[in-house]
S.K.: 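Please find one structure pasted underneath; my questions will follow.
Note that the structure is a prediction, hence the values are computed from the model and not measured.
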Amino acid sequence: MTHVLDVLDERGFVEAKTHEAELREWLSQGPCTCYIGFDPTGSSLHIGHLIPVMALAYMQRCGHRPIALVGGGTGLVGDPSGKTEMRQMLTRETVDANAEALKRQLARFIDFSSQRALLVNNAEWLAGLGYIAFLRDIGRHFSVNRMIRAESYRMRLDSDEGLSFIEFNYMLLQAYDFLELHDRHACRLQMGGSDQWGNIVAGIDLVRKMRQQTVFGITFPLITTAGGAKMGKTAAGAVWLDAQRTSPYAYYQYWVNCDDADVPRFLALYTFLPMGEIREVAQLRDADLNLAKTVLAFETTQIVHGRQLAMEAMAAASSMFGSRRLPADLLPSSTLPRNSAGKGADDGVPSTDLGADEISEGIPLFKLFQLTGLSSSGGAARRLIRQGGAYVNNERVTADDRPVTLADFVGGELLLRSGKKHFHRVRLTK
RNA sequence: GGUGGGGUUCCCGAGCGGUCAAAGGGAACAGACUGUAAAUCUGUCGGCGAUGCCUUCGGAGGUUCAAAUCCUCCCCCCACCA
């Protein structure tokens, strides 16, 4: 089997690692235990979390045992690393509820059955710590001189806002997590985003000092789009893995709409397709790249939402935007259905139900755009329409007060469109 | 606790009694060009069934014909001092 370090390196997951030779040696000796922490600051993961999640998934696929640590304890403190502002303090109840939600989502990527992976919550060992005991046993191993030089605190120490004492302690808690996991589960590798370097190294040092044992760290690069934006940030906010917050259709669309330049890189990072096939994609040019985007979107959506919903999202997209047949030799490992791409329920396109009586008199078009949420206000809707960005059943309408009546409905449905890609279906009810 | 500097529309940031729904930039949205891409150019970018009306410039009062702009008190942030 290929060495997991080579897999991660090749796919673009690795920014930095400690003790490379020893780490490589350790990982080749058999199943190894590694971990990544997720702070339960929200009730759902979003696209920005995918890199560490995929890294754990690859670890497992390469025969190792990943631990996903949910920061039920550290979440109560708040990690200042790389943050320009102090984090909101969370209540214990919120943190616990979030931890449960994260667990369900992680299970999409990682197989937690029969100890093949573990999910732990650091509240288990952090919540009951005694202050004095902790300071004496753990705190004495940390040099404040060194901590304040850490890059992860730099931004905050230099900023106007400053760094509160509770946040300053975060590094100790995360280091202690590593020690606990080392003791409990023989975990010797911690991974994390590049902003976690300081915290990870602190844990490595702590384990060495207290257990005379070498443990390792790997950090991931900060992934941005070719346009320089953070992954998963859109005008509407983050792109979530929770179908309630971001529909499978919207999730699929996020990937289809990615920048050309990002396609091969994203296929490597966010799908399980083999690298040999992904490299072929680099040969594609211009509109042909859209075919690869379809595969990218399908694969990523399938991982998170399952095959059925991914197919529906794809069908909805092709019914709105049209589709081209995918050649059999493009990313052949993808399980995307290549022949029947055209048909399927086109659910996923947002829709609104409207009573027939509500429009019997006719309703001005701008009101309808406002009502469906395609425009945030009546004024915005009027502007949109006047500027020629509004379509009814795919025909441009430029009169903002054009009444919409029963005659506009085809089979009880009406398709509104704002600009090129924002669709909304209006259904007639009794 | 003292002294000084601040809090402006999604973000940054001008404005410092009328010409202010508030410059400029960013983000965003739409149009043109396209490939559901990027870049570029153009328009829009508080609300309102709208050539007018209403609500915004940390909060509450006040002065004035008129306040984001002046005064008073309060809240919050920052710097230096203690």
S.K.: Relative to the 5' end of RNA chain B, which residue comes earlier, A:D260 or A:K367, by the nucleotide with the nearest heavy atom?
M.R.: A:D260
S.K.: Nearest whole angstrom, please: distance from the P of B:G31 to the CG of A:L384.
M.R.: 8 Å
S.K.: In whole Å, measure the gap between the C1' atoms of B:A66 and B:G59 for me.
M.R.: 23 Å
S.K.: Over all strands shown, is A:A317 touching base, sugar-phosphate only, or nothing at heavy-atom distances under 4.0 angstrom?
M.R.: base
S.K.: With a 4.0 Å cutoff (strictly under), does any side-chain N or O of A:K420 reach OP1 or OP2 of B:C29?
M.R.: no
S.K.: Whole angstrom is fine here: how far is it from CZ in A:F369 over to C1' in B:A30?
M.R.: 12 Å
S.K.: Considering every strand and a 4.0 Å limit on heavy-atom distances, what is the contact class for A:R285: base, sugar-phosphate, or nothing?
M.R.: nothing
S.K.: Any donor-acceptor pair under 3.5 Å between the side chain of A:D401 and the base of B:G49?
M.R.: no
S.K.: Would you mind reporting whether A:L428 and A:I359 have side-chain heavy atoms less than 4.5 Å apart?
M.R.: yes
S.K.: For the pair made of CG in A:D288 and P in B:A37, what is the distance, rounded to whole Å?
M.R.: 16 Å
S.K.: How far, in whole Å, is B:U51 from B:U56 if one measures between their C1' atoms?
M.R.: 23 Å
S.K.: Pick base, sugar-phosphate or nothing for A:G379, based on heavy-atom distances below 4.0 Å to the nucleic acid.
M.R.: base
S.K.: Is there side-chain contact between A:M191 and A:C34, with at least one heavy-atom pair below 4.5 Å?
M.R.: yes
S.K.: Name the nucleic acid region contacted by A:S418, choosing base, sugar-phosphate or nothing; use a 4.0 angstrom heavy-atom cut-off, strictly under.
M.R.: sugar-phosphate
S.K.: Are A:Y251 and A:W240 near enough that their ring centres are under 6.0 Å apart?
M.R.: no
S.K.: Verify the contact: side-chain N or O of A:Y391 to OP1 or OP2 of B:A30, cut-off strictly under 4.0 Å; return yes or no.
M.R.: no
S.K.: Distance check needed: B:A30 C1' versus A:R383 CZ, whole Å only.
M.R.: 11 Å
S.K.: Using Watson-Crick or G-U wobble geometry with both distances below 3.5 Å, tell me the partner of B:A66, or none.
M.R.: none
S.K.: Closest to the A:F366 side chain: B:G47, B:G49, B:A30?
M.R.: B:G49
S.K.: Under 4.0 Å, counting only non-hydrogen atoms across every strand here, what does A:Y254 touch: a base, just sugar-phosphate, or nothing?
M.R.: nothing
S.K.: Checking understanding here: a glycosidic angle within 90° of 0 is syn, the rest anti, so what is B:U51?
M.R.: syn
S.K.: Roughly how many Å is it from CD1 in A:I385 to P in B:G49, rounded to a whole number?
M.R.: 12 Å
S.K.: Please tell me which of the listed nucleotides, B:G47, B:U34, B:A32, lies nearest to the side chain of A:S377?
M.R.: B:G47
S.K.: Using the P atom on both, measure B:A14 against B:A23 and round to a whole Å.
M.R.: 14 Å
S.K.: Hey, are A:H424 and A:S351 close enough side-chain-wise for a donor-acceptor pair under 3.5 Å?
M.R.: no
S.K.: A:N257 CG to B:A28 C1': how many Å, rounded?
M.R.: 15 Å
S.K.: What is the pairing partner of B:C29, taking Watson-Crick or G-U wobble pairs with both distances under 3.5 Å in any strand?
M.R.: B:G43
S.K.: Take atom C1' in B:G6 and the same atom in B:U69, then report the distance between them in whole Å.
M.R.: 15 Å
S.K.: Do A:K209 and A:R140 make a side-chain contact, defined as non-hydrogen atoms from C-beta onward lying under 4.5 Å apart?
M.R.: no
S.K.: Need the pair for B:G24. Rule: Watson-Crick or G-U wobble, both distances under 3.5 Å, any strand; none if unpaired.
M.R.: B:C12
S.K.: Name the pairing partner of B:A79, where a pair is Watson-Crick or G-U wobble with both distances under 3.5 Å, or state none.
M.R.: B:U3
S.K.: Measure the distance from CD on A:Q387 to C1' on B:A28 and round it to the nearest whole Å.
M.R.: 13 Å
S.K.: Taking C-beta and beyond as the side chain, do A:L106 and A:L45 meet within less than 4.5 Å on heavy atoms?
M.R.: yes
S.K.: Closest-nucleotide mapping onto RNA chain B: is A:Q253 or A:G419 further toward the 5' terminus? I mean the 5' end.
M.R.: A:G419
S.K.: Going by heavy atoms in the side chains, are A:I47 and A:W255 under 4.5 Å from each other?
M.R.: yes
S.K.: Suppose you measure atom C1' in B:G58 against the same atom in B:U42; what distance do you get, rounded to whole Å?
M.R.: 38 Å
S.K.: Say we look at B:U9 and B:G15: how far apart would their P atoms be, to the nearest angstrom?
M.R.: 16 Å
S.K.: Name the nucleic acid region contacted by A:R382, choosing base, sugar-phosphate or nothing; use a 4.0 angstrom heavy-atom cut-off, strictly under.
M.R.: base
S.K.: Expressed as a whole number of Å, how far does the P atom of B:U8 sit from that of B:A68?
M.R.: 15 Å
S.K.: Report yes if at least one side-chain N or O of A:Q370 is closer than 4.0 Å to OP1 or OP2 of B:C48; otherwise report no.
M.R.: yes
S.K.: Measuring only the P atom in each nucleotide, how far is B:C20 from B:C53? A whole number of Å is fine.
M.R.: 16 Å
S.K.: Please report, rounded to the nearest Å, how far the P atom of B:U42 is from the CZ atom of A:R386.
M.R.: 23 Å
S.K.: Report which part of the nucleic acid A:D259 touches: base, sugar-phosphate, or nothing (heavy-atom distance under 4.0 Å, all strands).
M.R.: sugar-phosphate
S.K.: Provide the Watson-Crick or G-U wobble partner of B:U55, both distances under 3.5 Å; none if there is no partner.
M.R.: none
S.K.: Less than 6.0 angstrom separating the ring centers of A:Y249 and A:Y254, yes or no?
M.R.: no
S.K.: With a cut-off of less than 4.0 Å, is there a side-chain N or O of A:K421 near OP1 or OP2 of B:A37?
M.R.: yes
